[in-house]
A.B. asks: 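Take this structure first; my questions come after.
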2 protein chains.
Amino acid sequence: MARVTLQTIADEVGVSRMTVSNAFSRPNQLSAALRSQIMDAAARLGYSGPDPSGRALARGRTGAIGVVLTNSPRDAFTDETAVGFLRAVAGTLADAGYSLVLLHSSERSDVDPVRDIAMDGAIVYSCAPRAREVTALHERRLPLVTVESAPLGDEPQILLDDAAGSRQAAAHLLELGHRDVALIVTSVDVADEPLTAEHRASASDTIGRRLDGWTSELATAGVAPRIVGTTGFDVDDVLRDRIGAMLETPPTAVLAFSDLAALEVIEQARARGIRVPEDLSVVGFDDSPLAARLSPPLTTVHQDVDAKGTAAATTLLALLKEEKPTTLTLPTSLVVRGSTAAAPRR
Amino acid sequence: MARVTLQTIADEVGVSRMTVSNAFSRPNQLSAALRSQIMDAAARLGYSGPDPSGRALARGRTGAIGVVLTNSPRDAFTDETAVGFLRAVAGTLADAGYSLVLLHSSERSDVDPVRDIAMDGAIVYSCAPRAREVTALHERRLPLVTVESAPLGDEPQILLDDAAGSRQAAAHLLELGHRDVALIVTSVDVADEPLTAEHRASASDTIGRRLDGWTSELATAGVAPRIVGTTGFDVDDVLRDRIGAMLETPPTAVLAFSDLAALEVIEQARARGIRVPEDLSVVGFDDSPLAARLSPPLTTVHQDVDAKGTAAATTLLALLKEEKPTTLTLPTSLVVRGSTAAAPRR
DNA sequence: CTGAAAGCGCTTACAG
DNA sequence: CTGAAAGCGCTTACAG
């Protein structure tokens, strides 16, 4: 049996193909009687409506919005901050009638979602500066919003006021008397050294802004921090090893680029008998749900992931309506909990 | 400037359109020299590859797989069990080169993802028996896998051995001496009554199997449970109210259909000064990450959400390869933690 | 290794 | 209120 299409229904009812199309897509363009006659025929023949692929090609829109995550879907769904972001994006898009497609980075040459999936626009979330997926997406000239990523062109961005929260975190440590401080970052390939301008230069946009916040504040007290990093974009094995090495000669305080990184520091410290916060103060970043659950509860820089996701989706939707949305920077602020305390006397 | 298509490149290079198509989609069908000439022209003209919509129509496949969640994307991303499932599905699909599209239920008449999004197949996750989204999807005759949902036809299903875990949970309570037991369910509209056959008849497939497990075990000790439910498919306001009402004359133990429902019981009990587990034993279902974090840690029925997601994706992928996968039932088992204790003496 | 033919299923103006 | 024309951008056999 051949496939049932608009034409099948048209032949059955004895009208033209576009009248059937109108019956489904523009109901008020034809009489109610004819429409119900067409709908009856469709039901009888098992036709459930215009094929989305044909429709997408003819209309030039698909109803789908991509979200690019540099890391694998498995990693993204493990990170509560990413899940919170996706939640707000998916919710906001759904309210506007759009569906979310997860665009993973592909190691295969035959398929590449970023190149092959039909969509009306995309959101780039927390991606490395020149990630292949991101440039590939940019080449498609789709409406794009970047979130905490390096800008690709003049697309609107959603940013975090990383420097403000970082400064508060550093100021908090200074007040507690800390002078030996280590920074844990990504996008910088460094084992455990005094921070230099070269380190700063190699950092991603986001990490760069946090480094600026931390160091500018620490500098007011003449404190020159140590830095531990990885080329990756997440807590990876390299970073874990380097955190371990750093703890051989522990600082009195650590400023981490994420709550998960802070957790890694706390767990490794504990394994070595270093007490948090008595021997070592640890500050995270994100204020993910995890932060409040840890023991001790994590002092961290709060960001509103729900607002971030909503803003990203809203901005992309505005772009699709040919509006000219602009870059938005969301606030951050320190939340003091139990993982920080006065610097130990040496 | 007109849009750049295959034809633009073909004209520029002086070959036919399908040669350009081959350059992109079947590189070994033409000489390396011609191919690189074509790729150069494409780069020069800003052509980033065949348009996915055109390609989808011509090829009859899109590379996208839908996942239908009856509840809103916001609710789904709030539920750790659903997130764990999505994680495994997205990961497994990504490994196979497919992208995941989130198909929300739409209240709008103009857009409906389940009808309008182009995709190669779909996974129906934990949906109500005759949910409109699900029947709409079925009408499209797409390859389908249902997960913990009522079957639509003869599609392969992924099920949980609900009865086994439920029986273990009930047996555990009997051993502890409980005789006044309340069941908390969805899909049954009941405030707080002795369980009857009518209640059982109105339950969804999943809840029905759990009711069977609970009651068959309780029956061995002559215990007739009370039942509290809602027509909804989640912990909703109706269920919250009814749980509150039930706690006016509390049973000694509660068997809940999910960890979130168990949490609701525990919180409301605590608010009334009813101690868990001293006054009231509570058993959940799912063993979500939340369960172990609660205080007291929740006694609950464990299921492997990762295995469930992987199985769902693998089964759908098999369907796409024209294989004939069959229904799979995953095991469940009771995990005893701190929320259950010996029945209080009255 | 390259291309002419036929077609994938639909919609957008526009004319009547 | 209805339909003939033109087109959306691409690919699949197939012939040379």
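Being a predicted model, the structure only gives us computed values, none of them experimental. Numbered from 1 within each chain, the chains take letters A, B, ... in sequence-line order.
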A.B. asks: The side chain of A:R55 lies closest to which of these nucleotides: C:dT11, D:dT11, D:dG9?
C.D. replies: C:dT11
A.B. asks: Does A:R61 make a side-chain N or O approach to OP1 or OP2 of D:dC8 shorter than 4.0 Å?
C.D. replies: no
A.B. asks: As a test of reading the structure: which of C:dT2, D:dC10, D:dC8 is closest to the side chain of A:L57, going by heavy atoms?
C.D. replies: D:dC8
A.B. asks: Taking atom types as modelled, find out whether B:R141 and A:S48 have a side-chain donor-acceptor pair closer than 3.5 angstrom.
C.D. replies: no
A.B. asks: Could you please name the option among D:dG9, C:dG9, D:dT2 that lies closest to any side-chain atom of A:S31?
C.D. replies: D:dT2
A.B. asks: Less than 6.0 angstrom separating the ring centers of A:Y47 and A:F24, yes or no?
C.D. replies: yes
A.B. asks: Tell me whether the OP1 or OP2 atom of C:dG3 has a side-chain N or O from B:S16 closer than 4.0 Å.
C.D. replies: yes
A.B. asks: Under 4.0 Å between a side-chain N/O of B:S21 and OP1 or OP2 of D:dT11, yes or no?
C.D. replies: yes
A.B. asks: Would you mind pulling out the nucleotide paired to C:dA13, Watson-Crick or G-U wobble, both distances under 3.5 Å?
C.D. replies: none
A.B. asks: Now, which nucleotide makes the Watson-Crick or G-U wobble pair with D:dA4, with each of the two distances under 3.5 Å?
C.D. replies: none
A.B. asks: Between A:L34 and B:Y47, name the one whose nearest nucleotide on DNA chain D is closer to the 5' end.
C.D. replies: A:L34
A.B. asks: Is it the case that atom CG in A:D154 sees more than 12 heavy atoms from other parts of the structure closer than 6.0 Å?
C.D. replies: no
A.B. asks: Any side-chain donor paired with an acceptor under 3.5 Å for B:R132 and B:S105?
C.D. replies: no
A.B. asks: Would you indicate, yes or no, if C:dG9 has its OP1 or OP2 atom less than 4.0 angstrom from a side-chain nitrogen or oxygen of A:R3?
C.D. replies: yes
A.B. asks: Measure from the side chain of B:T19, starting at C-beta and using heavy atoms only, and say which of D:dC8, C:dG3, D:dT12 lies closest.
C.D. replies: C:dG3
A.B. asks: For the side chain of A:M18, starting at C-beta, report the closest nucleotide among C:dC10, C:dT11, D:dG9.
C.D. replies: C:dT11
A.B. asks: Starting the side chain at C-beta, find the nucleotide from C:dA4, D:dG3, C:dG9 nearest to A:D51.
C.D. replies: C:dG9
